[in-house]
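Comments concern the structure below.
Below, all heavy atoms of this structure are taken into account, side chains as well, without hydrogens, waters or symmetry copies. Just so it is clear, the structure is predicted and the values come from calculations on it, not from any experiment.
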Amino acid sequence: MSFDEEVSRSELFELVQYFSKYPFRARDTNSKVEGIQKKCLQLFAKDYKFTTISNNNGDLCGHYPLKLVILESKLNSSESEKPDSQKANDARKLRDLFVKARFARCRSRFVVPVILFEGKNICRSATLSGGAEIYGRSGYDFLFAGGESIPDDPLEDLNGVNSTGPLYSSGDYDLFDRIRGQDIRLLKTLRVKYICDLMVEKKKVKFGMRVTSSEKVDKIQRYSDFCLCSVPYPGCEFFRDFKDNEYNADGLHFNWQQDYVDTKFSVPDLLLHHQGIEWNNYQSWDLVTLTQNYLHLLIGCVKDGEGGLLIHCISGWDRTPLFVSLLRMSLWADGRIHQSLSAAELLFLTVAYDWFLFGHGLPERLQRGEEVFFFCFNFLKNIASDDFSVNSSPRRTCDKRSDSIGQFDAGGVLLEDRLSRRGSNSSLGSCSSVTSEQRTSFFMVRR
């Protein structure tokens with residue numbers, strides 16, 4: 001594969017090499033990180049009109065990109081001619097909501113739109129904060145930041161939220177409800193309809209304390225206006241088993257009987273229309289089948305849903321980028337997003353923006369053997385078929401989709417040298433042959 005001038009092969013290797021050594025933190029930026037951010041903006045600009053929201057020094061979130069990209073419309077489409085009031089997103093309004101809603105989510109990882117598909121936002125975030133985190137972070141903000149993010153007017157906070165509903169059931173409108181109200185307001189401003197929660201727990205417990213919660217177990221049903229999808233998926237620790245199994249996900253099963261696993265697969269029937277999938281059997285699926293079927297579900301939400309989609313796990317930096325990245329690459333392969341980008345450019349964008357700049361801790365994951373990042377790209381061979389296409393009347397044939405997916409390793413970028421040591425000659429997309437010399441290590445520096 002030949003790389004165009006926008007992204008070179010050496011830039012891809014340098015990106016992954018840097019990513020494997022240094023975790024991203026917005027407060028610890030340098031010229032290298034700024035260059036990666038700038039390249040992402042250049043790649044978004046090839047196909048979209050957008051505005052950026054500054055997160056310099058981590059003012060909004062310590063491990064979100066320095067500049068949050070708010071996509072407004074596609075270039076060269078009638079949407080780009082619409083007045084600002086009709087753009088997909090209003091960055092000025094969102095910036096204000098980000099400030100007010102950020103404490104509602106774990107580690108201040110508030111809801112952010114990252115993909116725009118047919119005017120619908122695909123968003124990411126962490127799960128809901130527990131009470132201790134909400135009060136702790138809000139108190140710190142009040143003392144040291146002037147309380148900018150603490151909403152003052154409860155009636156204004158609930159603009160667009162069901163103010164006659166359960167938020168008033170306790171009789172007291174406290175800070176906890178105010179922050180939750182702002183999170184809901186942000187979701188509705190982004191026109192999110194579906195919330196897909198990848199947690200295997202109802203609430204995350206550490207040292208005997210419930211530190212996070214989930215929309216699906218909100219006692220007073222604040223999130224009842226949304227379509228809540230409980231799609232439990234193994235956390236990063238499970239991917240040690242993937243590494244120990246010689247990076248083979250076939251036949252690899254998660255133990256659903258562990259004590260901390262207390263949630264079940266639960267999705268409204270109207271979304272479970274994909275033929276041939278017995279959703280009640282999800283606990284019997286291996287890692288490949290589980291990931292394939294969950295991706296089917298997410299694609300169905302994107303393709304046929306009435307609104308946008310939010311994907312989150314606990315902190316939103318392992319399982320969340322896995323599925324966000326798979327969706328971005330799948331929709332690109334269908335020719336529906338990022339149409340101007342080559343495979344190399346799209347690869348750079350998803351590694352840099354979806355993983356690195358949104359805080360995936362690759363150095364620590366590599367040290368622990370929790371290789372969810374490598375699994376994401378190794379998994380591409382399992383979604384090359386047209387079964388995963390959003391095109392009802394495909395603009396690209398099945399073979400062309402397979403070719404598009406296959407391009408991600410045609411230049412020898414994504415297969416580790418250990419694959420060749422196992423004697424594997426298959427590419428990720430099973431549509432191109434690669435010499436042993438090309439099977440350069442994906443992770444340039446390994447500990």
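With a 4.5 Å cut-off on side-chain heavy atoms, Leu12 and Val351 do not count as touching. The shortest side-chain heavy-atom distance between Lys120 and Glu306 does not fall under the 4.5 Å cut-off. The closest side-chain heavy-atom distance from Ile337 to Leu116 is not below 4.5 Å. Taking the side chain as every heavy atom from C-beta outward, Asp59 and Ser54 never approach each other to under 4.5 Å. Using a 4.5 Å heavy-atom threshold, the side chains of Leu272 and Phe265 count as touching. The shortest distance between side-chain heavy atoms of Gln257 and Val261 does not fall below 4.5 Å.
Salt bridge status for Arg105 with Glu215: present, with a side-chain N to carboxylate O gap under 4.0 Å. Salt-bridge formation is not detected for the pair Asp262/Lys202: no Lys NZ or Arg NE/NH1/NH2 atom is positioned less than 4.0 Å from an Asp or Glu carboxylate oxygen. A salt bridge links Asp96 to Lys100: one of the charged nitrogens lies within less than 4.0 Å of a carboxylate oxygen. No salt bridge links Lys38 with Glu34; every basic N to acidic carboxylate O contact stays at or beyond 4.0 Å. Electrostatic pairing of Lys32 and Glu14 counts as a salt bridge here, judged by a charged N lying under 4.0 Å from a carboxylate O. Between Arg336 and Glu118 there is a salt bridge, since at least one side-chain N of the basic residue sits less than 4.0 Å from a carboxylate O of the acidic one.
Counting non-hydrogen atoms of neighbouring residues, nucleotides and ligands closer than 6.0 angstrom, the NZ atom of Lys93 reaches no more than 12 such neighbours.
Rounded to the nearest 0.5 Å, atoms CG (Asn378) and CG (Asn248) are 8.5 Å apart. One finds the CZ atom of Phe379 at 6.5 Å from the CG atom of Leu326 (value rounded to the nearest 0.5 Å). Summarising the geometry, atom CZ belonging to Phe323 is positioned 8.5 Å from atom CG belonging to Leu327; distances are rounded to the nearest 0.5 Å. In this structure, CG on Leu198 lies 8.5 Å from CG on Leu322, to the nearest 0.5 angstrom. We find the OH-CD1 distance between Tyr294 and Ile299 to be 15.0 Å, quoted to the nearest 0.5 Å. If you take CG on Leu228 and CG on Asp197, they are separated by 8.5 Å, rounding to the nearest 0.5 Å.
A side-chain hydrogen bond (donor to acceptor under 3.5 Å, both in side chains) check over residues 278-292, counting only residues at least two apart or in different chains, returns the pairs Tyr233-Thr291, Asp286-Thr289.
Legend: residues meeting side chain to side chain contact (heavy atoms under 4.5 Å, CB included) with Asp28, ordered by chain and number and at least two apart, are Arg25. Annotation: side chain to side chain contact (heavy atoms under 4.5 Å, CB included) contacts of Asp304 (sequence neighbours excluded): His273. In this structure, Arg319 has no side chain to side chain donor-acceptor pair (under 3.5 Å) partners at least two apart in sequence or on a different chain. Qualifying side chain to side chain contact (heavy atoms under 4.5 Å, CB included) partners for Pro65, counting only residues two or more places apart in sequence or in other chains: Gln37, Leu68, Tyr353, Leu357, Phe358. Applying the salt bridge (charged side-chain N to carboxylate O under 4.0 Å, His left out) test to Arg365 and every residue at least two apart in sequence or in another chain returns Asp318, Glu370.
Between the side chain of Asn121 and the backbone N or O of Leu190 there is at least one donor-acceptor pair closer than 3.5 Å. Although no hydrogens or angles enter the test, the distance criterion places a donor-acceptor pair under 3.5 Å between the side chain of Gln258 and the main chain of Asn255. When atom types are taken as modelled, the side chain of Thr51 and the backbone of Ile70 share no donor-acceptor pair closer than 3.5 angstrom. No donor-acceptor distance shorter than 3.5 angstrom exists from the side chain of Ser340 to the backbone of Asp47, with no hydrogens or angles considered. Formation of a donor-acceptor pair under 3.5 Å by the Asn89 side chain with backbone atoms of Ala91 is not found in this model. Remark: the backbone N or O of Cys106 is paired with a side-chain donor or acceptor of Ser129 at under 3.5 angstrom. Using a distance-only test at 3.5 Å, with no hydrogens or angles considered, no donor-acceptor pair links the side chain of Arg27 to the main chain of His63. Checked by atom type and distance alone, the side chain of Tyr18 never pairs as donor or acceptor with a backbone atom of Pro23 at under 3.5 Å. Looking at Arg124, its side chain never comes within 3.5 Å of a backbone N or O of Pro113 through a donor-acceptor pair. Panel note: side chain Asn382, backbone Val288; no donor-acceptor pair is recorded below 3.5 Å.
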Q | Worked check of salt bridge (charged side-chain N to carboxylate O under 4.0 Å, His left out) between Glu345 and Lys46 | A | CA-CA 10 Å; Glu345 291 170 329; Lys46 281 196 164 189; 2.7 Å; yes
Q. Yes or no on side-chain contact (heavy atoms from CB on, under 4.5 Å) for Val267 and Tyr194, after CA distance, side-chain angles and deciding distance?
A. CA-CA 10 Å; Val267 173; Tyr194 308 96; over 6 Å; no
**Q.** Steps toward side-chain contact (heavy atoms from CB on, under 4.5 Å) verdict (Phe226, Lys193)
**A.** CA-CA 5 Å; Phe226 303 93; Lys193 176 65 177 177; 5.9 Å; no
Q: Apply side-chain contact (heavy atoms from CB on, under 4.5 Å) to Asp334 and Val390, showing your working.
A: CA-CA 7 Å; Asp334 289 336; Val390 295; 3.5 Å; yes
Q: In sequence, state the C-alpha distance, the side-chain angles, and the governing distance for His312 and Arg109, and then conclude on side-chain hydrogen bond (donor to acceptor under 3.5 Å, both in side chains).
A: CA-CA 10 Å; His312 76 74; Arg109 294 174 65 87; over 6 Å; no
Q: Go through Leu298 and Cys196 one step at a time and tell me if the side-chain contact (heavy atoms from CB on, under 4.5 Å) criterion holds.
A: CA-CA 8 Å; Leu298 296 176; Cys196 288; 3.6 Å; yes
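Using the six-membered ring where Trp is involved, Trp256 and Phe254 have ring planes that are perpendicular, over 60° apart on the 30 and 60° scheme. Using cut-offs of 30° and 60° for the angle between ring planes, the Phe239 and Phe242 rings count as perpendicular.
Scanning both residues, Asp387 and His296, for their nearest heavy atoms gives O-CE1, 3.2 Å. Among all heavy-atom pairs drawn from Thr127 and Cys313, the shortest one is CB-O, 3.2 Å. Taking each heavy atom of Lys87 and Ser73 in turn, the nearest pair found is NZ-OG, 4.0 Å. The two residues Asp354 and Ser325 come nearest to each other via the heavy atoms OD2-CA, 4.0 Å. The heavy-atom pair separating Pro268 from Cys227 by the smallest distance is CG-SG, 3.3 Å. Phe375 approaches Ala249 most closely through the heavy-atom pair CE1-CB, 3.7 Å.
Taking the centre of each ring, Phe373 and Phe19 come in below the 6.0 Å mark. Ring-centre distance between Trp355 and His360: below the 6.0 Å cut-off. Ring to ring, Tyr64 and Phe110 are close: their centroids are under 6.0 angstrom apart.
Of the N and O atoms on the side chains of Tyr48 and Glu72, not one donor lies less than 3.5 Å from an acceptor on the other residue. For the residue pair Ser214/Lys216, the side-chain donor-acceptor check at 3.5 Å is satisfied.
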